[in-house]
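Read the numbers this way: they start at 1 and go in the same order the structure lists the ligands and their atoms. All residue numbers refer to positions in the sequence shown, counting from 1.
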Amino acid sequence: MTPLTSPSALSHSNPSVSVRDLSVNYGPVRALTGATFDLYPGRVCALVGTNGSGKSTLFKSMLGIVKAQSGQVQILGLDPAQARKQALLSYVPQSEDVDWSFPLRVKDVVLMGRYRTMGFFRRPSSQDRQAVAEALERVDLSDLGDRQIGALSGGQRKRAFVARGLAQGAQVLFLDEPFSGVDRNSQGTITRLLKSLAQQGATVLVSTHDLESLPELASEALLTQKRILMHDQIETVLRPENLSLAFGATETAPDSVAQKELTNV
Ligand SMILES: Nc1ncnc2c1ncn2[C@@H]1O[C@H](COP(=O)(O)OP(=O)(O)OP(=O)(O)O)[C@@H](O)[C@H]1O
């Protein structure tokens with residue numbers, strides 16, 4: 001196996017997310033072993049791996065939702081619970097982890113991003129309402145704010161959760177499979193939004209199965225297979241010999257990357 005790479009091209013002065021030797025077991029099942037990496041502000045990093053390779057486990061253990069057997073996580077110098085308390089960290093879960101029958105309107109879901117700063121009675125101020133309206137506009141859902149969240153399409157639901165993170169003003173965003181069950185239109189909206197948030201200084205970690213869209217989405221990637229196999233620039237991770245470490249020999253790089261590689265020789 002290729003050792004974990006930590007290329008100097010990915011280094012930066014201060015990491016916003018720092019993960020050290022993170023290991024998670026579910027009873028006898030080892031889901032993640034010794035994950036160690038840093039993420040930096042201003043970048044979108046993709047988390048890439050097969051089904052069951054530990055991507056959701058990595059997110060949940062970084063958030064403190066799943067207990068790690070060992071390791072440390074720091075988000076903006078804080079432990080994950082503190083970072084969440086201070087509304088610095090936003091998480092878009094996999095669709096299967098959400099109860100969509102819960103009777104909430106889209107704008108109530110987005111308003112949840114403001115809860116930590118709204119005080120005990122959670123009475124929204126005009127500032128809170130404005131933040132919700134702006135967030136809905138940025139994800140192109142202004143017309144659907146009063147609709148029940150369960151009555152949205154898969155892509156619209158994802159966009160509503162991204163809007164929750166926007167209303168929160170989170171500096172670190174974790175998104176678990178935001179493109180699954182999502183049409184090209186929603187995928188484009190989410191991709192543009194994540195890139196623009198990174199340009200404004202956010203740190204974005206996003207898991208995806210869609211290798212085709214990776215060069216458009218992310219500048220770097222973590223390749224996982226129950227441990228971090230590689231952390232490198234997106235072009236390097238997408239080389240067939242690297243993808244085959246995680247996916248087997250049949251997986252090939254998207255044409256755009258292959259072409260870029262060819263024109264570089
Ligand atoms: N609650 C659980 N109890 C026991 N084993 C679990 C649990 N959750 C996940 N696992 C196991 O841990 C491993 C990693 O699962 P995880 O859901 O993190 O993978 P993933 O990469 O997110 O998969 P997918 O792409 O299918 O969402 C798998 O072998 C899975 O079967």
Side-chain angles (χ1 to χ4, degrees), residues 1-2 4-5 17 19-37 39 44-73 75 80 84 89-100 153-155 157-159 161-162 165 172-183 186-187 190-191 194 203-215 217-218 220-232 234 237-238 242-254:
M1 280 276 173
T2 304
L4 165 70
T5 49
V17 175
V19 176
R20 293 289 172 274
D21 203 22
L22 197 63
S23 296
V24 179
N25 298 341
Y26 297 104
V29 178
R30 173 52 67 102
L32 188 68
T33 301
T36 296
F37 60 90
L39 302 176
V44 178
C45 178
L47 182 58
V48 181
T50 56
N51 289 131
S53 62
K55 302 181 296 298
S56 297
T57 300
L58 178 61
F59 278 124
K60 288 176 185 171
S61 55
M62 288 169 77
L63 288 154
I65 297 171
V66 159
K67 191 172 154 30
Q69 268 59 50
S70 67
Q72 293 90 39
V73 178
I75 314 255
R84 293 182 85 188
L89 172 62
S90 167
Y91 172 51
V92 177
Q94 272 198 355
S95 295
E96 301 82 64
D97 290 343
V98 178
D99 179 2
W100 298 107
S153 72
R157 290 175 184 180
K158 297 283 185 185
R159 275 149 55 192
F161 269 77
V162 173
V172 177
L173 288 102
F174 295 160
L175 301 99
D176 197 353
E177 296 288 352
F179 304 126
S180 76
V182 164
D183 65 25
S186 281
Q187 182 159 346
I190 295 171
T191 298
L194 296 180
T203 307
V204 181
L205 180 63
V206 48
S207 71
T208 180
H209 284 108
D210 186 358
L211 298 181
E212 285 288 329
S213 68
L214 278 181
L217 171 71
E220 64 189 60
L222 286 158
L223 195 61
T224 61
Q225 187 49 263
K226 303 210 168 177
R227 64 192 188 90
I228 307 296
L229 297 174
M230 174 174 275
H231 181 199
D232 214 319
I234 201 79
V237 173
L238 286 174
N242 291 330
L243 286 180
S244 70
L245 296 171
F247 293 91
T250 53
E251 203 69 42
T252 55

Atom indices of ligand 1, in the order listed, that fall short of 4.0 Å to a heavy atom of H209: 25 (O)
Polar proximity ligand 1 side, G52 side, N/O cut 3.5 Å exclusive: yes
Option nearest atom 18 (O) of ligand 1 (shortest heavy-atom distance, choices L47, T57, L32): T57
Ligand 1 atoms in contact with S56 (distance to a heavy atom under 4.0 Å): 17 (O), 18 (O), 20 (P), 22 (O), 27 (O)
T203: partners by side-chain hydrogen bond (donor to acceptor under 3.5 Å, both in side chains), with sequence neighbours left out: S16
Ligand-side contact atoms (ligand 1) for residue partner K226, heavy atom cut-off under 4.0 Å: 29 (O)
Minimum non-hydrogen distance to atom 27 (O) of ligand 1, winning option of K55, R30, Q94: Q94
Heavy-atom check, side chain of V19 versus side chain of T36, under 4.5 Å: no
Check against side chain to side chain contact (heavy atoms under 4.5 Å, CB included), L47 and F59: CA-CA 10 Å; L47 182 58; F59 278 124; 3.8 Å; yes
Verdict with supporting geometry, L175 and Y91, side chain to side chain contact (heavy atoms under 4.5 Å, CB included): CA-CA 6 Å; L175 301 99; Y91 172 51; over 6 Å; no
Between T50 and Q225, a side-chain donor and acceptor under 3.5 Å: yes
Heteroatom distance test (A31, ligand 1): nitrogen or oxygen, under 3.5 angstrom: no
Note, P178 side chain near Q187 side chain (heavy atom, < 4.5 Å): no
Atoms of ligand 1, numbered as shown, that sit under 4.0 Å from any heavy atom of T50: 21 (O)
Side chains of S53 and T224, donor plus acceptor under 3.5 Å: yes
For N51, atoms of ligand 1 separated by under 4.0 Å from a heavy atom: 23 (O), 24 (P), 25 (O), 26 (O)
S53-ligand 1 polar pair, N/O distance under 3.5 Å: yes
